[in-house]
2 protein chains.
Amino acid sequence: MAREAGVSTATVSRALAAPASVSEELRRRVLETVERLGYTPNAAARNLRGGRSQMILVVVPRRANPPFFAEVLRGIDTVLSAAGYSVIMGNLDQEGAKERHVVEMMAAGHIDGAIILSGKVPVSGERSMLDTGLPMVSICAAAEGTHAILTDEGETIVEAARHLVGLGHRDLFYVAGPDGNANERIRWAALQQLFAELALGDVRVRRTEGNFQFSGGVTAAEAFLALAERPTGVVCCNDEMAIGFMKTVQAAGVRVPADVSVVGFDGIEFADFCEPTLTTVCQPRYELGATGARLMLDLIKKPGPSAPTTTLLANEFKVRDSTAPPRQPRPGEAPAKAAPGDAKPALVPLTIS
Amino acid sequence: MAREAGVSTATVSRALAAPASVSEELRRRVLETVERLGYTPNAAARNLRGGRSQMILVVVPRRANPPFFAEVLRGIDTVLSAAGYSVIMGNLDQEGAKERHVVEMMAAGHIDGAIILSGKVPVSGERSMLDTGLPMVSICAAAEGTHAILTDEGETIVEAARHLVGLGHRDLFYVAGPDGNANERIRWAALQQLFAELALGDVRVRRTEGNFQFSGGVTAAEAFLALAERPTGVVCCNDEMAIGFMKTVQAAGVRVPADVSVVGFDGIEFADFCEPTLTTVCQPRYELGATGARLMLDLIKKPGPSAPTTTLLANEFKVRDSTAPPRQPRPGEAPAKAAPGDAKPALVPLTIS
DNA sequence: CTGTTAGCGCTTTCAA
DNA sequence: TTGAAAGCGCTAACAG
């Protein structure tokens, strides 16, 4: 290739990388030859020489909800692409084989940095991704030792719950995320604090666990339907479960919001097209990804260890059609409220089934 | 590293790659040292030397619907990961900058093969991905010159339309995909053929174009609502548009399926949780991805050019609650059917607005 | 401003 | 069975 243009390989390299350092004459000749031969520098050689690969690993949790994560990924990809980086997908699988794989890629120098959406730094045996010293950013859920981009999820789920209480609901149902999930922990802790602050004896809360999928909402709805005294307000830890819940209770003749109010969390697009439209907390999904990617680029620019930082983005609570004041009990019907005698044991976070 | 174990670098390489060719004694010593030092071979050097990178590029169309594509991607990733390959995301953006980028990656030897979900081989100026001679597989939509994994989408959308006709619908509405989209072309062509075969003068079809998003369904519904004589059966080119359509006409007081029947295409999960549940054609999304990935691995195994092949997977038409026989016109109401005088101009594929 | 050269870390002949 | 050495394609340091 260099021979073809009648120059040295170094000149070719310079003409491509630092056009200013080459004479007008040669530069033109090189570029013309490059064009004519359709030459593209070999990435592996460049990577080997320069120690960087222009690839960012994105670690996605095992059963990531596409409607939520796809938009975060779009934010990441848009920003990284514009800077000339490519994204390698690291979907974690069940057996942990993939987890080992991504740690190895990282150690093999195949990657310039990692963005973690799974809430924890991948580990393989003794080795952690952190050992590589490469820049790492976590999004949506803080992974220890990394820079985190988070939302005010605790505050906003409390806002959603307050919305229900404000409408007059006193008997609540919380459809939780999977046990141990970082977001679930934060949201439940925030809710517990809210309930502790509310006038004791006034609000009752029951809780069941879900899987963040539609099916989790279905299961929660079945538990709900089986209750003798049904709660009138339901807080779901994400929109899929809220929608699965609504669909299932409706099939059993329970009206939303007339008989039960439901709020979700995430603000996926489907929340505007289910029946009824879902009152929910909208997370800035694209911006979460874009912000994380920008931080990654910064970290790559100025290398060296830096103390983990936290960036907080704001969610937005949106009231739609799935919430309303509780129905007044008709004469002869059991009241939704707990009987006066039950007033003392206010906070009753039973785990159902 | 080799010095540490007291052997040559060649021995280390052999111990890792071909354990059989190294004496028991040395092998153990090498492996132990590898473990102790946490050594991982440098990927770039290996790639440079071997000419392969263990990376597969997946080209995703610009506005890919997450509920559909995420599952295809999962199929791809699962199969490729198990074989030790990683996936690089090539989301195409608006300006075509990304298209150039992916072509360059391919030419730069950064990639061992490409899976194309966008229906066309990316091109940058004069250069096409095909020029690299690397294995290429297209999924969901055939890209010229590649091995394609497709479904019987024409047959199954016809099945969906026949379902409506079989229920008694004679005035149909087709909500198309974006103009020029490969899937849209195939489906519309199949529908046109069906209508040509049906007794002429009996079925009327009008058509409007959509964008494969919820918003496309909303727009189509507005066009529908504006019609003086509303069709009674609606075929949508994908589920998102069908759901957007249903929600919008319902808001205007049109009942589904009592006043209008709706069928979708794809079989995304939402189709089971919208109101009413959506009659639709379910595509084997995971299997599409997995099959394509397996073919890719085969192609990599036995290199050299091969004549493009086509693999067809079967869709499944599922009847749910969004379709029913057309309502009998009440006395004094205009019939849904075209008046007898209109019988001759049977197929009326008007494009609406 | 341009050419020569060394070497990134690995695998793979080729000899021993 | 093992070691020595060449070289994958590039870029950066050094001469000229």
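Within residues 38-55 of chain A, the residues approaching DNA chain D are A:Tyr39, A:Pro41, A:Asn42, A:Ala45, A:Arg46, A:Arg49, by heavy-atom distance under 4.0 Å. Within a heavy-atom distance below 4.0 Å of DNA chain D, the residues of residues 9-34 of chain B found are B:Ala10, B:Thr11, B:Arg14, B:Val22, B:Ser23, B:Leu26.
A salt bridge links B:Glu287 with B:Arg294: at least one charged nitrogen is closer than 4.0 Å to a carboxylate oxygen.
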Per-pair distances, 0.1 Å, donor-acceptor, side chain in residues 33-41 of chain A, under 3.5 Å, sequence neighbours excluded:
from	atom 1	to	atom 2	distance (Å)
A:Thr33	OG1	A:Arg29	O	2.7
A:Thr40	OG1	B:Arg127	NH1	2.7

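Listed by chain and number, the residues in a side-chain contact (heavy atoms from CB on, under 4.5 Å) with B:Ser81 are A:Lys98, B:Asp77 (sequence neighbours excluded). Scanning for side-chain contact (heavy atoms from CB on, under 4.5 Å) contacts around A:Glu126 gives an empty result, with sequence neighbours left out. In this view, B:Thr11 and B:Ser8 satisfy the side-chain hydrogen bond (donor to acceptor under 3.5 Å, both in side chains) rule, not counting sequence neighbours. Among residues two or more places apart in sequence or in another chain, the side-chain hydrogen bond (donor to acceptor under 3.5 Å, both in side chains) test is passed with A:Asn47 by none. Remark: A:Asn181 pairs with no residue by the side-chain hydrogen bond (donor to acceptor under 3.5 Å, both in side chains) rule, at least two apart or across chains. Residues forming a side-chain contact (heavy atoms from CB on, under 4.5 Å) with B:Ser13 (at least two apart in sequence, or on another chain): none. For A:Asn91, the side-chain hydrogen bond (donor to acceptor under 3.5 Å, both in side chains) criterion is met by no residue, not counting sequence neighbours.
Where DNA chain D meets chain A (any atom under 4.0 Å from a heavy atom), the bounding nucleotides read 5' to 3' are D:dG9 to D:dA13.
Every pair passing side-chain hydrogen bond (donor to acceptor under 3.5 Å, both in side chains) that includes a residue from residues 135-150 of chain A is listed here, sequence neighbours excluded: A:Ser138-A:Thr146, A:His147-A:Ser306, A:His147-A:Thr309.
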